[in-house]
Structure formats: C-alpha cells, structure tokens
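Chain identifiers are assigned alphabetically (A, B, ...) following the order of the sequence lines, protein sequences preceding nucleic acid strands; residue numbering begins at 1 within each chain. Side chains are part of it too, since the values below use all heavy atoms of this structure and drop only hydrogens, waters and symmetry mates.
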Amino acid sequence: MKEISFMLNDEPRNVQVEPNEILLDVLRNKLGIKSPKCGCERGDCGACTVLLDGKAVRSCLILAVEVENHNITTLEGISRAKLSALQEAFMEFNSFQCGYCAPGIILAVTELLEKNPHPSLEEIKESIAGNLCRCTGYTPIFDAIMSLTGKGTK
Amino acid sequence: MKDYKYIGKNVTRIDALDKISGAATFVDDIDFGANLLYAELIESTEASALIKKIDISAAMKVKGVYKIFTGKDFHNRFGLYMKDRYVFAQERVRFVGEQIGAVVAFTPEAAKSAVALVKVEYEPLPAVLNQMDALQSDAPLLHPEVENYPRVPWFYPKAGTNIAHWRKTRKGDLGKGFAKADVILEDTYSVPRYAHCALETHIAVAKFDHSGRLTVWSSSQSPHTQRHLFAEALGLSHKDVRVITPYVGGGFGGKAGVTMEIIPAVLATQLKGYAVKLRYSREQEFTNTYQRLGVVAKIKMGATKDGRITALEHKLYWDAGAYVEYGANVVNAVGLSASGPYCIDNVSIDSVCVYTNLPPGGPYRGFGYSEMLFGLESHISRMAQQLNIDEVEFRRINAIKPGDETAYGAKMNPSGLQDCIDKAAAAINWGKKPVSEDPTKVIGQGFAAFWKAPAMPPNASSSAFLKFNEDATINLLISGMDIGQGYQTVMAQIAGEILSVPPAKIRVETPDTDRNPYEWQTVASHITWSCGNAVKNAALDAREQIFSLIHRVYHYPVDVLYLEDEAVKCKTDSAFILPLQNFVVDGIMTEDGTFKGGPVNGCGMFMPEFSSTKDNPETSQGGHPNVHYTVGAAALNLEIDKETGKMKLLKVALAIDAGKAINPDLVRGQITGGLLQGLATVLYEDMRFNEKGKLLNPNLTDYKIPTAKDVPEEIIPIIVEVPQPDGPFGARGIGEHTMLPAAPMIANAIEDALGIRIKSLPITAEKVALTFLQEKAKQ
Amino acid sequence: MSLAHEFAYYKPLRLEEALSLKQQYGNKANILAGGTDLIVNIREGVLKPDLLIDIKRIKELSQLNWGNDTLFIGSNVTFAELIENEVVQKNFVLLHDACKTIGSTGIRARATLTGNICSAVPSLDSAPALLCYEAMIHCAGTGSKREIPVREWFLSPRKTALQEDEIVTGISIKRIPDSYGIYIKLGRYSGEDLAQAGWGILMIGDKQYRFAHCALSPIPKRAYHIEDLCNGNSLNADLIEKAIALIPSEINPITDIRCTQKYRMYISEIMLRRGLMAIQKRSSGKYIEPRKLMGDV
C-alpha cells in the first residue's frame with residue numbers, strides 16, 4: 001500500500017492504494033466519486049472519462065498511483081456550484097437517455113469548449129468520437145453543443 | 001383537438017437533473033458495506049459437452065476466496081415463457097460461455113484469479129451452430145425432453161427435434177392466391193445475431209438476510225417479473241422477495257426477463273447475511289446474455305400486374321440458441337405478423353424456433369420484426385420492380401387499413417400508415433434523387449414500411465399509486481423502468497394533465513417491488529400505452545376523491561367542478577378557487593373546527609381485457625393475441641462510393657404513427673436513437689462465431705457500435721397522430737419501431753444506386769464493394 | 001475491477017534508474033508511459049509483469065525537440081502533443097495524418113508514439129509514416145546506446161528489435177525538403193477504428209517516392225518494388241496504374257475479424273490510386289482531408 005495525494009475536484013485528497021488499483025475503481029470505491037462509469041475496461045467506450053490536468057482521459061486505463069500530485073476533475077466537481085451552460089443545454093435538448101454515457105461526454109465536451117469555445121460540428125464529433133452512446137443517436141448531443149457556439153438552432 | 005396543458009408538450013425530462021449532474025444512481029453506484037461478496041462465473045469453453053469433472057482445489061486456495069458453487073449445489077430451473085434453463089449447467093453444457101459455477105470471494109480480483117484455476121473436464125458432444133443444420137433429421141438434440149418442459153399454452157414444441165416452438169398462421173387459400181398472380185418471386189434472406197450493447201453491463205446484487213428475506217438490486221427492465229421468477233425458482237413467497245431497480249444504463253430488451261440476475265439471487269440463499277454481487281464484464285455481456293436471434297427467411301410472393309399482392313408464403317427459421325425461454329416468444333410474435341403492414345388475402349407463415357449451440361437468443365428492440373422486415377421489405381421493393389410499379393405506390397396499394405383483417409383474423413386498429421408512407425416519401429423528394437458531383441459516387445433512394453405489435457401475455461397488466469404531498473406535489477409510484485426513453489416524464493405528464501399539476505412537481509422514483517405496485521415488464525413498447533392508462537386511472541381516482549370531498553364540504557355538484565392550475569374550480573361559481581395544497585393532505589376545516597377529507601392517494605390499473613391467445617394452433621385463427629400495431633415508414637438518400645463501398649446517409653426521414661405524441665421531443669429522440677441503432681445492424685455490426693461456437697468479437701473494439709462520426713447527415717423525424725382509441729390521450733408505443741425500417745431501406749437504396757441486391761446482413765462497405773465488383777465482372 | 005495481477009510500481013526521476021531496473025528485471029518489467037495498451041494487456045492476462053517502470057517523471061524522455069532539421073520525439077510524447085505541434089503539422093504531414101487517425105481524443109491524450117511502435121501490431125497506423133520518413137528508434141541500455149532504423153524495428157507481429165534490458169528513449173525523424181505526404185487509412189467506421197488497411201505515401205521533389213503500408217502484412221513495410229518503378233518518373237495516370245499492378249508483390253494480407261484478404265488486396269489499389277492523386281493535389285497546395293478520400297465522413 002502506498003499513500004498518494006492529489007487534487008480531486010479542487011480538494012486535496014489522500015488515499016492508500018496498491019499499484020494494481022485502477023483510477024476508476026479508486027475514485028468510485030475509495031473516494032465515493034460515482035459519476036465515472038465502467039463500460040468496457042478497454043478504453044473503447046469513454047464512460048469512465050475524467051479530466052486529468054484538464055484533459056479528458058480514460059480512468060479505466062490509468063493506475064491510481066500515476067495521478068499522484070495531479071488534478072482530477074469529475075462531473076461532481078463540475079456540478080458543485082451550479083450547472084454549467086453545457087449541462088443546461090444537455091437538459092434542454094434531451095442529450096442523454098439512459099444517462100450512463102452522459103458524465104463522460106459532458107467532461108469530454110467541457111475540455112473541448114475550454115480550448116475552443118466555438119467548435120465546428122466536425123470538431124464536436126471528433127471530441128466525442130471515443131464516447132459511445134447507444135441511446136441518443138448523438139444528434140441531440142450535437143444540437144446542445146451547437147446551441148452554445150452560437151451556430152445552432154433548435 | 002382538445003387543448004392540453006402538458007400532453008403533447010416538450011416537457012423537460014424529470015430525470016434530467018439526476019443524469020446530467022452525475023447524481024443518477026445505477027446499481028454499481030450503491031455501496032453495500034463490509035459484508036459484500038463478489039461472484040465470478042466459471043464458464044464453459046465448449047459449445048456442447050458433458051461435464052465429467054470440476055476440480056476446484058487450486059481455486060479454493062486463492063486468498064480471499066470464500067466458497068465455490070456448481071450445478072450440483074443448485075438444480076433450479078427457470079424461464080419466462082418456458083422453463084428450459086438452469087441456474088448452473090447440470091452435467092451438460094450447451095454453449096460457449098454457459099455458466100457452470102461461481103467463485104465467491106471477498107474481492108473481485110480474488111474471484112477472478114480463482115476462476116482461472118478451476119479445472120473443468122469435458123466430454124465433447126457434437127454441436128450444431130446454425131438453425132438449418134439443427135433442423136436436419138440426424139442433428140444432435142439439444143433438449144431431448146423439450147415437450148415436457150413447463151411452458152405457456154401458446155408454444156408448440158416438436159418432440160424428438162430441435163424445434164422448441166412452431167407458429168403457423170394460415171389465411172385464405174395460398175394456391176389460389178398464387179394462381180391469380182401475374183408475377184411470383186421467391187428468395188431467401190438471412191440475418192445474423194446482434195448484441196444490444198447497453199453501455200452499462202448486466203449487474204445484480206442479492207442479499208438473503210437472517211430473517212429469510214431476499215432482496216435483489218438489479219439493472220433490469222422487469223422488476224416484478226424478476227421477483228416472480230426468483231420466487232418461483234427458489235420456492236419463496238412473493239412477499240419475501242424484494243427487487244429494487246435503480247436507473248438502468250440502457251436496456252434495448254437485453255435487460256428484460258431474467259438472465260444472470262438469478263445467479264446472485266440463488267447464491268445469496270446459501271450465503272445468509274452477505275450481499276453477493278455479480279457484475280458482468282463487457283465480454284460476458286456479449287457471450288452470456290440474450291442476443292438478437294439470427295434468421296433465415298424464405299419468401300414467396302405473388303401479385304397481379306395492377307399491384308395487388310395475392311399471396312404470401314413466409315417461412316422463418318430462427319437460430320434461437322441453447323435456451324429459448326424468452327426467445328421463443330420472438331419467434332411467436334413474428335409468426336403472427338410476418339405479413340408485414342399489408343392486407344393480403346392468402347397468407348401462410350411458418351415461424352420456427354430452433355435450438356442451436358449458441359448463446360440464448362432473446363428480446364432485442366424490435367422483437368424479431370427487424371429481422372422479418374429485412375426480407376419482406378426487400379422483397380416488396382423487388383416485386384414492385386418486376387411489376388414495373390413504383391415501390392412506394394406498391395406499398396400504398398397494399399397497405400393495411402383500419403378494420404382490415406390481419407393474417408390471423410383479428411381486425412387492424414386505427415392507424416395512419418398511408419399518411420406515414422406519403423410523408424416519408426415527400427420528405428426526401430421520392431423519385432427525384434440528387435446526383436452526386438463526384439463521379440466515383442452514386443446516390444440511391446431506399447424505402448421501407450413497418451409495423452409492430454407489443455408481444456405480451458394477454459393478461460399483462462400495469463398499475464399505479466399516486467400520493468399527494470402537503471404542498472400538492474406528487475409522488476407517483478409505478479414499476480415501469482425509465483431505461484432512457486423518458487417514461488417517467490411521460491407518466492408525470494399524464495398525471496399532471498389530469499390533476500393540473502406541472503410535471504416538474506411530480507417525482508417518479510425508480511421501482512422497488514415492496515413499495516411500487518405491479519407492472520409486468522418494460523418491454524414491447526407498451527408502457528406508454530399500458531402504464532399510461534394505469535396512471536391516468538390513478539389520477540382520475542385521485543380527482544374523484546378531491547371532487548367528492550369538495551362536494552361534501554361545499555355542496556357543489558361534482559360535475560361542475562374542475563381542476564386548473566393546481567386548484568379546484570367551479571364552472572358555476574367563478575369565485576370558488578381552492579388550491580390543492582390547502583387540503584390534499586390535511587383535509588378541509590369546517591365551521592365547527594372539525595376536518596373532512598385527508599391524504600389523497602390515487603390508485604389505478606390497466607389490463608387489456610379483450611386480448612386472448614386462444615386460437616387454432618394450425619392456423620392461428622380465433623384469438624386476439626396482439627393489442628394493436630404501431631405503423632410507420634422511412635425513406636433515405638444514400639450516397640455510395642462505388643469503389644470503396646463506403647456509404648453516406650445524406651437524408652433519412654422516418655414517419656411513425658404515435659397515436660398521440662405525449663412528448664414530441666422524446667418521440668423524436670426515439671427516432672434519432674433507434675434509427676442509428678437500426679442502421680448499425682445493417683452497416684457495421686454482427687456477431688461472428690468460429691467453428692467451435694466461440695464468439696470472435698466479444699468487445700467494443702471489434703463489435704463496435706456507431707460513434708459520433710457515423711451518424712446520418714440529416715434526420716427528418718415525422719410524427720403522425722391517428723389516436724389509439726384505448727390509449728392514454730390516444731397514445732401508443734413507438735420505442736422499438738424506430739429501428740425497424742433501417743435494414744431493408746438501405747438494401748433497397750443500394751439496389752437503386754448500383755443495381756445489386758444484397759440479401760444478407762450486415763451490408764458493410766466491404767460487402768457492397770466486392771458484390772459490385774463481382775457484378776461488374778459478370779457484365 | 002482493479003487488475004487481478006499484482007506487481008510493483010516505480011516512478012524514477014532519472015533514466016539511469018529506469019535502465020538499471022530494466023537490466024535487473026528484463027522482460028519481467030514493463031515500461032509505463034501512456035498505458036493505453038499496457039493496462040489492457042495486463043488486465044487480459046497477456047502480460048504479467050513483476051514491475052512497472054513509470055517513465056513519466058524522466059524529463060529527457062518528455063522532450064519534443066526540433067533542431068538541425070530533425071525532430072526528436074521523446075518516449076513520453078503523446079499523440080495529442082504531436083497533433084498540436086506546429087513542426088509536425090508543417091514538416092511531417094504524413095505523420096500528422098496518421099496521428100489523427102489513432103484512437104480517440106481520450107486515448108490520444110495519453111497514448112504515446114513510442115508505446116505505439118513498441119506494441120508492433122500489424123495494423124500500426126504510425127508505422128507507414130515512420131517508415132517513409134526513415135525514422136530512427138533511439139534505444140538505451142545500461143551503459144549502451146543505439147539507434148535502430150525503423151525498417152529493422154518490426155520483426156514479426158508484436159515483436160520488435162528491442163532487447164530485454166533496453167528502453168526506447170525516443171524516435172527521431174529528419175525533415176525531407178520539398179516533400180509531400182499523405183496517410184490513408186481504411187476502417188469500418190468514420191470514428192475510431194483499427195485499420196483494415198493503411199498506406200503512407202511520400203513524394204520527394206517530383207520524381208522520388210516512398211510507399212509504406214500497415215495491416216496488409218504481418219509487419220508494416222515499405223513497398224520497394226513500387227518505389228523502384230516510380231522513382232525517376234513524374235506522376236501521371238499511366239504510372240499510377242503501373243504502380244497499382246505491383247501491389248500483389250508488396251503485400252500479404254490475411255482475413256480477420258475486420259475484413260477479408262480479398263478486400264484488403266482490392267482496396268489497396270483504390271487507396272494507392274486515390275492517395276497518389278491526392279498527393280498531386282497537395283503538392284499544388286490544395287487542402288485534402290485524407291479521411292474523406294475513401295468515403296468516410
């Protein structure tokens with residue numbers, strides 16, 4: 001066991017982990033952060049997406065020990081003060097159905113909008129091409145994001 | 001049309017905040033404390049074999065392993081429509097991945113490590129890996145005892161064969177029908193197996209406490225059906241079994257009925273006081289849950305030169321897998337409806353459910369209709385071509401109308417098929433296809449019509465409890481599942497409309513069978529209709545209680561009272577306005593200081609009392625097995641790269657008759673989502689097994705579902721509304737239907753563009769390119 | 001769930017420490033940079049290391065240096081960094097094309113070019129670019145250093161020329177003046193997918209050519225027969241057809257879950273023809289999106 005410390009949603013956290021523990025499991029089972037979901041454990045689906053130093057990554061492919069001294073942001077951190085404009089748009093456009101992929105997709109798009117507040121449809125698609133959604137057919141997700149870029153209409 | 005306040009409006013989903021804030025709780029998000037055990041399955045590596053020996057000695061030595069169970073510990077059989085499955089294999093395995101036993105440990109890692117050390121010795125038996133082989137007279141039998149299995153009365157297994165059920169539908173005189181035809185076309189179409197690919201894998205946690213009460217938390221579309229099957233298999237009283245189903249991360253039929261959930265439930269009974277969790281890996285999700293059945297369909301159709309279909313012979317042979325307790329009803333449903341949405345005088349349908357040594361087939365969005373319609377709607381398009389009639393016109397001529405007789409003799413319900421056909425065709429400018437600017441590309445137009453009825457027992461029912469709170473907000477207790485379609489919101493809209501309460505003030509919690517009243521299952525696209533009726537009845541019940549109280553206290557006749565803006569009002573006394581929150585819990589104080597009334601709690605239920613499966617097994621005539629059909633049509637412009645075979649969906653229109661779209665945005669959401677799921681089964685997906693029955697692509701790397709970059713350029717959702725007379729506000733279900741037209745529509749567009757006819761799914765870029773190449777070489 | 005396999009983890013500050021651990025553990029130690037392949041391989045029991053050496057704190061391995069017309073890409077450099085790098089965008093278009101086709105945003109934020117070539121799978125998207133640029137793989141052992149030309153790197157599927165006690169420190173590529181490149185990938189999806197076939201083409205001046213492919217042979221390879229035919233000739237329709245006729249002598253594809261041998265054989269012709277035509281357009285300054293060349297969105 002090794003104690004690691006890192007910033008989780010802007011709060012310092014310490015946790016004891018073994019080298020073979022995966023970040024996703026440590027977040028969910030040792031730190032009570034449940035919004036990142038497990039969908040495939042191979043990096044294929046994106047349900048476990050978290051932001052690592054601001055970048056969307058797969059928490060199922062990262063060892064917990066790797067994030068020592070880094071910053072991790074999850075949907076809990078984004079939602080804490082108030083919903084982001086992106087989250088509001090997701091509500092308005094029904095950009096989710098079962099809701100399982102939503103945390104990952106919202107984080108991936110949060111990174112995109114941070115870097116590029118006015119992405120094209122193509123850039124939006126590229127940013128979430130690794131986040132699978134079986135329910136919505138993606139179109140309502142595009143609509144929500146486009147509504148924020150000033151390019152979209154409902 | 002009546003002006004509604006919430007019905008027909010794009011009310012914000014009431015589960016939105018939960019799901020976009022990260023608060024939504026799924027089964028694996030629940031903490032079970034220190035007494036949690038983890039189960040991992042010991043799975044068959046053989047498609048067909050006898051189990052000679054199971055050696056668990058090395059596995060038991062793994063640190064953290066608690067107990068190991070196998071088939072000799074449990075002999076329980078289970079199944080929804082036919083009891084042909086075991087919790088753990090009994091002496092014999094019938095597919096690769098079948099559960100032989102389970103290791104239970106204090107950590108999931110220990111359980112997994114131990115499973116790798118269990119040694120199973122097999123005596124291989126011959127396996128049959130496709131339904132056509134399994135139908136041969138010398139094929140090895142999977143279930144020699146099939147005719148003795150307990151089952152529903154509408155299943156007809158054939159002793160001494162691999163046929164678990166054979167649905168026959170006969171109408172008119174086939175010979176005469178073909179004799180009248182000017183054109184007869186006969187061909188065979190085939191469809192492989194598909195996987196649901198819900199993003200959340202199957203999971204269940206079971207606890208059998210020291211009082212002898214079983215609680216199961218599961219990701220399920222069917223809490224009450226699960227409770228019933230657990231009680232039945234374990235010999236427990238229903239009151240002692242409690243199923244709690246939090247949010248479900250996608251279902252698509254895959255989480256209907258009972259599959260793996262019975263395993264932790266059974267294990268828990270031997271592990272008193274512990275909670276036992278079984279969570280499927282993505283690989284297990286592919287190998288040991290329901291899969292969509294494969295089918296080989298032989299179609300012979302005749303029509304006159306003026307475009308009337310005179311006869312249809314449709315034979316469907318289904319690859320239903322090793323256990324068919326649910327899948328056989330898919331076969332049954334299609335066996336009744338394989339005429340498609342057409343009125344045909346002479347019809348013969350044989351829908352044959354065949355055991356194979358592959359994973360169990362079961363419900364998948366569309367319940368067999370997608371598979372059936374691939375052949376039928378391909379065939380319709382080809383018939384029209386041979387008759388030299390526009391294929392849309394050919395569909396119009398033969399489209400079933402309200403009151404027409406179905407193949408099994410019942411009357412067709414009110415529906416707007418003609419309207420759907422016209423609107424879908426108009427939306428893509430049918431007959432005037434665009435021309436690609438790129439010489440390597442060519443554009444084709446495709447069309448398909450569809451229908452589907454809910455497949456369910458005749459007495460499948462729904463019920464609802466509705467409780468007013470002090471502030472006149474409402475808790476609505478129902479047991480359908482919001483698997484993403486927006487069911488909770490729609491139910492809140494129905495209750496809200498009747499009680500004049502905004503849906504945002506209604507909470508619908510996910511089901512708990514101890515607290516919430518009975519619902520059969522969230523399947524068959526029937527809950528908007530069925531549970532919607534129950535909710536409506538519960539709201540009416542509450543309203544009646546309110547009016548009767550007002551009458552008692554204020555003496556207004558009940559029939560002049562009405563609800564508006566969360567208050568009781570009176571048609572004859574405009575000054576009378578009594579806000580609901582003044583009395584729905586606390587009652588109304590009268591002059592002498594006493595109170596009348598009390599908490600208002602509504603109760604409602606619905607069962608389709610006209611439905612019956614009692615028919616002649618040789619013809620299917622005489623019953624009323626389907627409550628109603630939902631119909632629709634779709635059309636697309638498809639651009640094909642002639643060399644690479646890559647296809648671009650330029651414009652897709654899908655028109656569906658929702659009866660009444662209670663929340664039009666949610667209907668459109670089903671269209672965009674269902675359509676892409678349907679398109680994926682044509683363009684990309686299929687389950688591929690090797691010669692030993694092992695799945696070659698059990699992951700999302702090689703059984704890949706479409707990404708954000710694989711969506712059509714434009715989708716035009718069209719809602720048609722011909723009310724369903726017995727539906728809540730005229731509504732009927734639309735959830736599954738949106739994927740039905742995808743496959744034939746694409747195949748038809750490809751023929752339009754390239755002149756090649758592809759008769760098997762999937763239709764990948766590779767298949768298009770190579771087929772076109774081959775065709776060119778012939779010329 | 002966490003990984004069932006247990007191992008030790010060490011995150012050295014200096015390369016020497018990593019090398020001495022590698023010398024001590026040999027193939028029982030795996031190098032961890034992005035981990036996008038490694039963690040999957042451990043989870044699925046393909047690899048069972050005793051030790052993971054996380055190299056992300058070793059600064060020299062995180063360099064992305066441009067000097068003397070040569071780009072040095074340290075082992076920790078991710079695909080996301082390469083895609084955003086202006087030197088790559090401007091001077092190594094073929095590599096830039098390839099990087100964009102790998103995985104998805106979330107994978108590219110972690111996955112490294114070095115990790116990619118160490119996996120040495122036949123469908124390696126980055127390989128045709130590195131083969132065309134004649135990249136050098138920089139390897140270090142305790143007290144030793146060597147550079148391996150990329151054409152000698154791939155030995156067989158999943159097997160490379162790296163020794164048990166060595167670590168790849170980076171990859172260097174030299175700018176080729178007056179060159180135009182393109183990487184064409186065919187996948188089943190417009191979105192993330194493994195290659196069914198991949199072709200890299202580099203045109204130097206107007207009469208020199210390099211071709212390389214992936215997913216079409218047991219290892220990614222240069223297509224020397226085609227190069228010999230083309231070199232010294234200007235690009236025209238006749239040359240393109242002659243080049244295509246030589247494809248069967250260059251590739252040796254198999255049938256697998258992603259497509260058939262027949263389609264790979266056939267589609268290579270289309271890819272090469274369209275690729276060469278596109279390169280002509282690129283050399284005349286036109287913007288070409290390689291993904292769209294094969295009909296993807």
Side-chain angles (χ1 to χ4, degrees), chain A residues 1-2 4 17-26 28-30 38 40-70 104-105 107-109 111-112 115 121-133 138, chain C residues 1-11 29-30 32-44 46-57 76 78-81 83-84 100-111 115 187 189-194 289 291-292 296-297:
Chain A
M1 280 286 183
K2 175 181 158 60
I4 58 164
V17 295
E18 294 286 355
N20 63 348
E21 287 188 73
I22 294 287
L23 177 60
L24 174 64
D25 300 282
V26 171
R28 290 178 53 82
N29 302 334
K30 291 190 168 174
C38 175
C40 72
E41 298 187 298
R42 283 170 57 91
D44 289 325
C45 79
C48 66
T49 300
V50 300
L51 298 180
L52 169 58
D53 301 332
K55 291 195 185 105
V57 296
R58 303 279 193 261
S59 66
C60 75
L61 298 181
I62 295 176
L63 302 175
V65 287
E66 288 182 77
V67 303
E68 168 137 52
N69 299 325
H70 288 273
I105 291 184
L107 288 170
V109 179
E111 185 203 357
L112 171 75
K115 281 200 301 203
L121 181 58
E122 204 154 324
E123 287 166 328
I124 291 168
K125 288 181 178 179
E126 184 64 48
S127 76
I128 57 167
N131 290 78
L132 299 177
C133 170
Y138 302 103
Chain C
M1 93 180 60
S2 280
L3 304 174
H5 178 70
E6 290 176 10
F7 48 81
Y9 170 89
Y10 191 63
K11 196 171 186 176
N30 285 113
L32 169 63
T36 51
D37 276 337
L38 180 67
I39 301 298
V40 175
N41 283 331
I42 298 174
R43 193 190 294 283
E44 294 179 357
V46 178
L47 291 173
K48 294 180 175 169
D50 290 341
L51 173 70
L52 290 191
I53 308 169
D54 185 342
I55 58 173
K56 287 192 285 292
R57 273 205 304 187
N76 284 326
T78 63
F79 286 111
E81 288 174 77
I83 291 168
E84 283 164 23
K100 288 198 294 184
T101 72
I102 290 164
S104 57
T105 317
I107 296 291
R108 295 194 293 262
R110 292 290 280 183
Y189 285 78
S190 288
E192 174 185 4
D193 198 8
L194 298 169
E289 174 54 57
R291 217 177 34 225
K292 293 188 174 166
D296 277 324
V297 182

Enquirer: Please classify the contact of C/Leu38 with chain A as side chain, backbone, both or neither, using a heavy-atom distance under 4.5 Å.
Expert: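 Interface part for C/Leu38: neither.
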
Enquirer: Kindly check if the number of other-residue, nucleotide or ligand heavy atoms within 6.0 Å of CD (C/Glu289) is above 12?
Expert: yes

Enquirer: Any side-chain heavy atom of C/Glu44 within less than 4.5 Å of one from A/Arg42?
Expert: yes

Enquirer: Which atom names give the shortest non-hydrogen contact between A/Gly130 and C/Ser104, and what distance separates them?
Expert: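 Looking at all heavy atoms of both residues, the shortest contact is CA-CB, 3.4 Å.
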
Enquirer: Is any side-chain heavy atom of A/Leu63 less than 4.5 Å from a side-chain heavy atom of C/Leu32?
Expert: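 A side-chain contact under 4.5 Å exists here.
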
Enquirer: Mind ranking A/Val57, A/Ile22, A/Leu52 by heavy-atom pairs under 4.5 Å with chain C and telling me who comes out on top?
Expert: A/Ile22

Enquirer: Using a 3.5 Å distance criterion without hydrogens, assess whether the side chain of C/Arg43 forms a donor-acceptor pair with backbone atoms of A/Glu41.
Expert: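 Checked: pair present.
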
Enquirer: So which heavy atom on C/Arg110 is nearest to which on A/Ile62, and how close?
Expert: NE-CD1, 3.6 Å

Enquirer: Nearest 0.5 Å please: distance from the NZ atom of A/Lys55 over to the CZ atom of C/Arg108.
Expert: 13.0 Å

Enquirer: In Å, rounded to the nearest 0.5 Å, how long is the span from CD1 of A/Ile128 to OG1 of C/Thr105?
Expert: 9.5 Å

Enquirer: Look at A/Lys125 together with C/Glu192 and state whether they make a salt bridge at an N to O cut-off of under 4.0 Å.
Expert: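 So A/Lys125 does not pair with C/Glu192 through a salt bridge.
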
Enquirer: More than 12 heavy atoms of other residues, nucleotides or ligands under 6.0 Å from NZ of C/Lys48: is that the case?
Expert: no

Enquirer: Closest heavy-atom contact between C/Ile39 and A/Leu61?
Expert: CG1-O, 3.3 Å

Enquirer: Do C/Arg57 and A/Glu68 have side chains that get closer than 4.5 Å, going by heavy atoms?
Expert: no

Enquirer: For A/Glu66 and C/Lys11, work out which heavy atoms get closest and say how close.
Expert: O-NZ, 3.5 Å

Enquirer: Distance check, rounded to the nearest 0.5 Å: C/Glu6 atom CD versus A/Glu21 atom CD?
Expert: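 It comes to 10.0 Å.
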
Enquirer: Which atom names give the shortest non-hydrogen contact between C/Ser2 and A/Asn20, and what distance separates them?
Expert: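 Heavy atoms of C/Ser2 and A/Asn20 come nearest at CB-O, 3.5 Å.
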
Enquirer: To the nearest 0.5 Å, what is the distance between CE (C/Met1) and CG (A/Asp25)?
Expert: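 If I round to the nearest 0.5 Å, the distance is 8.5 Å.
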
Enquirer: Between C/Leu52 and chain A, which part of the residue has a heavy atom less than 4.5 Å away: side chain, backbone, both or neither?
Expert: side chain

